[in-house]
Amino acid sequence: PVYYEWSGISELEEKLRRNFNIARVVIVPGDTEQDPHARMLMGQQAAHVLMNTMQRNDIIAVTGGSSIEAIENFLVESDISQSVQYIAARGSIGHEMRRQANTLAASFATKSNSAYKTLYLPENLSEHVYVALKEEPIVQEMLALYERTNIVVHGIGRADTMAERRQVSELEMRYLQEVGAVGEAFGYYFNEKGNTVHRVRAIGIAEHHVKKSRNILAVAGGQHKAAAICAYFVHAPKQTIFITDEAAAKEVLAQL
Ligand code: G3H
């Protein structure tokens, strides 16, 4: 905290908070894209916010990604954590196991002695498989949990990076460029006006679930994500707490 006052970070936090019209902004020093230590700090701050935000019996939905993964090491068991349930906000993406929403929901729960529920289904389903799957009891159960989700913890990515991670076809990549997708969060692609221009056809948490949850933690840093962050926050719910780094915060304020 003392460092924050000296470095002007708290001023930066307030400026960003006001611009985005959200509940709170937490900025860690450095650039998480370049410096693993900064990423660790971002995870630590996010874990701290999460542990102070959770309430007894909460349902907490988590997405995947390296920013969310960084939270895991700093979660500790508490009276409250033992009563909460972590759920995967979506199915699988790409081939990387370690950073999947499923893996993170399970590892967060293990760290804090909480319950968890996973959803092992691929993303990018064809229309008829998607419609059929929605009727399956395990999917129905998950969708009911999304309806009752109290906290959402999610990352924000650049549209191009996330499309690559999802190994989309060239055609889909071109489509995303044409519709001006710059940012992505929980399977939704946004243009710079903050409007959804594409949604991955997958079983997962929907925007309306996120909007009605009590708390939302958005975790994303790095100078290169500035445009994606700006896009996401045009219409981000007011109850969002944004945990980011100095590099992203400065670049965002320069672009606003
Ligand atoms: O939806 C966006 C991703 O969760 C961002 O992933 O934290 O690895 O950049 P990342």
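Read the numbers this way: they start at 1 and go in the same order the structure lists the ligands and their atoms.
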Atom 7 (O) of ligand 1: which of G65, A185, S67, G221 has the nearest heavy atom?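 Comparing heavy atoms across G65, A185, S67, G221, the nearest one to atom 7 (O) of ligand 1 lies in S67.
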
Determine whether the side chain, the backbone, both or neither of R165 has a heavy atom under 4.0 Å from any heavy atom of ligand 1.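 Under 4.0 Å from ligand 1, R165 contributes side-chain atoms alone.
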
Side chain, backbone, both or neither: which applies to K225 and ligand 1 if a contact is any heavy-atom pair less than 4.0 Å apart?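 The part of K225 near ligand 1 is the side chain, not the backbone.
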
If you look at every heavy atom in E192 and V182, which pair is closest and at what distance?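 Smallest interatomic distance, heavy atoms only, reads N-CG2, 3.7 Å.
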
4.5 Å side-chain heavy-atom contact, E172 and R166: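 Not touching, per the 4.5 Å side-chain cut-off.
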
Does any N or O atom in R39 lie less than 3.5 angstrom from one in ligand 1, N or O only?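 Checking ligand 1 against R39, no N or O pair falls under 3.5 Å apart.
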
F186 N/O under 3.5 Å from ligand 1 N/O: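 So ligand 1 has no N or O lying under 3.5 Å from an N or O of F186.
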
Using only atom types and a distance under 3.5 Å, with no angle test, would you say the side chain of T110 pairs donor to acceptor with the backbone of A106?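 Yes, the answer is positive, given that a donor and an acceptor are paired below the 3.5 Å cut-off.
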
Got a donor-acceptor contact below 3.5 angstrom from the R165 side chain to the G65 backbone?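 It does not hold such a pair.
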
Given D245 and T32, is the side-chain hydrogen bond (donor to acceptor under 3.5 Å, both in side chains) satisfied, shown in steps? CA-CA 7 Å; D245 63 19; T32 52; 2.7 Å; yes

Please identify which atoms of ligand 1 are closer than 4.0 Å to at least one heavy atom of E184.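 The list of qualifying atoms is 1 (O), 2 (C).
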
Under 4.0 Å to a heavy atom of I156 - the qualifying atoms of ligand 1, by number: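 Matching atoms, with element in brackets: 2 (C), 5 (C).
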
